[in-house]
Amino acid sequence: MARAIQLSIENVHSNNGGPFGAVIVKDGQIIAESVNRVTSTNDPTAHAEVLAIRQACTKLGVFELLDCELYTSCEPCPMCLGAIYWAHISRIWFANSAEDAAGIGFDDSFIYSELKLPQAQRRIPTRQMMREEALAAFRAWAEKPDKIAY
């Protein structure tokens with residue numbers, strides 16, 4: 001955790017992005033670490049946790065981090081939490097809370113509120129279309145004998 005916090009502080013001074021750092025550990029060894037790079041890369045998905053997951057998966061040559069733990073300087077946002085679950089990380093450790101982050105302008109509580117609303121009532125209009133055509137890909141996947149499940 002000390003390394004994740006150190007990364008978050010260094011990132012504030014380097015102007016790469018927000019005050020967030022993340023470290024992924026496997027068998028007691030750091031295998032990946034990253035900082036928030038949203039503003040330096042113009043990528044709203046470049047959160048420390050997501051970048052660390054990408055780095056760890058590349059380094060290990062896997063798409064699941066089953067025996068890995070994540071140490072992050074702040075409680076993960078909804079996007080990062082989704083990525084963490086998809087990566088099958090075994091444990092999350094965090095320092096600052098979501099409330100702490102909200103106190104300095106990083107408030108993601110509205111996303112949780114949006115998810116509870118019916119799609120038609122969300123801030124960003126969301127409508128389904130061409131479902132029947134899109135089901136062709138799902139049928140092909142369901143019938144594919146050599147698929148790699150994840």
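Keep in mind that the numbers below use all heavy atoms, side chains included, and drop hydrogens, waters and symmetry copies. Sequential numbering from 1 along the given sequence is applied to the chain's residues.
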**Item:** Lys116, NZ atom: more than 12 neighbouring heavy atoms under 6.0 Å
**Value:** no

**Request:** Would you check if Ile9 and Gln6 make a side-chain contact, meaning some heavy-atom pair closer than 4.5 Å?
**Result:** no

**Asked** Roughly how far apart are Ser34 OG and Arg54 CZ, rounded to 0.5 Å?
**Response** 9.5 Å

**Request:** Would you kindly confirm whether Ile24 and Trp93 end up in one hydrophobic cluster when ILVMFWY residues are joined by side chain heavy atoms under 4.5 Å apart?
**Result:** no

**Item:** Residues that Glu114 engages under salt bridge (Lys or Arg N to Asp or Glu O under 4.0 Å), provided they are two or more places apart
**Value:** Arg123

Under 3.5 Å, which donor-acceptor pairs do the side chains of residues 71-88 form with other protein atoms, sequence neighbours left out?
residue	atom	partner	partner atom	Å
Thr72	OG1	Glu49	OE2	2.8
Thr72	OG1	Cys74	O	3.2
Ser73	OG	Gly21	N	2.9
Ser73	OG	Gly21	O	3.4
Glu75	OE1	Ala98	N	2.9
His88	NE2	Glu64	OE2	3.4

**Asked** Does Leu70 share a hydrophobic cluster with Phe94, counting links as ILVMFWY side-chain heavy atoms below 4.5 Å and allowing steps through other members?
**Response** no

**Residue pairs involving residues 16-45 (criterion salt bridge (Lys or Arg N to Asp or Glu O under 4.0 Å); sequence neighbours excluded)** = Arg3-Glu33

**Message:** Would a single hydrophobic cluster contain both Leu117 and Tyr112, if residues Ile, Leu, Val, Met, Phe, Trp and Tyr are joined by side-chain heavy-atom contacts under 4.5 Å?
**Reply:** no

**Asked** Between the main-chain N or O of Ile124 and the side-chain N or O of Thr126, is there a donor-acceptor pair closer than 3.5 Å?
**Response** yes

**Item:** Within residues 20-67 or reaching into it, pairs that qualify as ring-ring contact (aromatic ring centres under 6.0 Å, His included) - sequence neighbours excluded
**Value:** Phe20-Phe106

**Asked** Is the number of heavy atoms from other residues, nucleotides or ligands under 6.0 Å of Arg91 CZ greater than 12?
**Response** no

**Item:** Distance (rounded to the nearest 0.5 Å) between Thr39 OG1 and Asn15 CG
**Value:** 7.5 Å

**Item:** Min side-chain heavy-atom separation Cys68-Ile31 under 4.5 Å
**Value:** yes

**Item:** Heavy-atom closest pair, residues Leu7 and Ala22
**Value:** CD1-O, 4.0 Å

**Prompt:** Can you find a heavy atom in the side chain of Val62 that is under 4.5 Å from one in the side chain of Leu65?
**Reply:** yes

**Item:** Under the side-chain hydrogen bond (donor to acceptor under 3.5 Å, both in side chains) test, residues paired with Glu133 that sit two or more places apart
**Value:** none

**Prompt:** Is Ile111 isolated, or which residues cluster with it under the ILVMFWY side-chain rule of less than 4.5 Å, directly or via members?
**Reply:** Phe110, Leu115

**Request:** Nearest 0.5 Å please: distance from the OG1 atom of Thr45 over to the CG atom of Leu51.
**Result:** 7.0 Å

**Request:** Kindly work out whether a path of hydrophobic side-chain contacts (I/L/V/M/F/W/Y, heavy atoms less than 4.5 Å apart) joins Ile30 to Val35.
**Result:** yes

**Asked** So, Asn11 side chain and Asn36 main chain: donor-acceptor pair closer than 3.5 Å or not?
**Response** yes

